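Structure, as structure tokens:
Remember, it's a predicted structure, so these values are computed and weren't measured experimentally.
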Amino acid sequence: MNLGLWIAAGLLAAVAVAGGITKTFVPKEKLAEAAGGGWTARASVGFVKTLGVLELLAAVGLILPAVLGIASVMVPVTAVCWVLLMLGAMVAHLRDGEAKFIVLNLVYLALAAYVAWGRFGPEPFTS
């Protein structure tokens, strides 16, 4: 189970890095033209960039505390935050009628819920 939790956290971290870099460094107008990026047309530049930075922080929070053995409780806390972020993403994609992205967000939500459950419950990091 520990390996599965590491894999799930690693996959989520990779998704978070990709999304975070995109939202932080790609111009909002270009994001709005991309598939699944229609919501950015209605959001401020600051909001989009803030989400990007939060995703980059999530990538760090899913991996680094456990690797360093410092404040490893931040891994499941970050996973819970990722669940909340995916709920918001599903609402945004629902408004745009983008069902395939809602399904993708559900997959990410399920992975994050698995990490949160696993690290808070049966496979916590021990000091």
Side-chain angles (χ1 to χ4, degrees):
M1 178 176 211
N2 186 47
L3 179 61
L5 289 166
W6 271 107
I7 290 169
L11 289 172
L12 286 175
V15 168
V17 165
I21 288 172
T22 302
K23 289 178 188 78
T24 304
F25 299 109
V26 174
K28 184 183 111 155
E29 297 75 25
K30 192 165 184 172
L31 288 174
E33 295 171 3
W39 65 272
T40 60
R42 298 185 303 274
S44 70
V45 171
F47 180 74
V48 174
K49 297 216 179 289
T50 298
L51 279 179
V53 170
L54 288 174
E55 287 185 27
L56 291 171
L57 290 172
V60 170
L62 286 165
I63 302 297
L64 206 54
V67 169
L68 297 177
I70 301 171
S72 54
V73 72
M74 290 308 297
V75 173
V77 169
T78 302
V80 169
C81 292
W82 190 263
V83 167
L84 297 174
L85 183 67
M86 289 302 100
L87 289 172
M90 286 188 288
V91 169
H93 290 302
L94 182 64
R95 287 182 184 162
D96 290 340
E98 299 171 329
K100 67 181 177 182
F101 292 105
I102 294 170
V103 171
L104 187 59
N105 293 140
L106 260 175
V107 170
Y108 297 152
L109 185 149
L111 282 171
Y114 172 65
V115 171
W117 168 78
R119 292 305 183 198
F120 274 134
E123 284 286 338
F125 295 110
T126 54
S127 299

Note to self: Tell me whether the rings of F101 and H93 are parallel (<30°), tilted (30 to 60°) or perpendicular (>60°).
What the structure shows: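 Ring orientation, 0 to 90° scale: parallel.
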
Any side-chain heavy atom of [X] within less than 4.5 Å of one from [Y]?
X	Y	answer
W117	P76	no
L51	L85	yes
N2	R119	yes
M90	Y108	no
V77	F120	yes
L56	V60	no

From [X] atom [atom1] to [Y] atom [atom2], the distance as rounded to the nearest 0.5 Å:
X	Y	atom1	atom2	answer
K100	I102	NZ	CD1	12.0 Å
T22	L31	OG1	CG	7.0 Å
L12	E55	CG	CD	11.0 Å
I7	L111	CD1	CG	10.5 Å
L62	L11	CG	CG	10.5 Å

Check: Centres of the W6 and F125 rings: under 6.0 Å?
Finding: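 Yes, ring centres under 6.0 Å apart.
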
Next item on the list: Taking atom CZ of R42 as the centre, report whether more than 12 heavy atoms of other residues, nucleotides or ligands fall under 6.0 Å from it.
Entry: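 Result for CZ/R42: enclosed.
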
Check: Which heavy atom in A79 sits nearest to a heavy atom in V115, and how many Å separate them?
Finding: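 Result for this residue pair: CB-CG1, 3.9 Å.
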
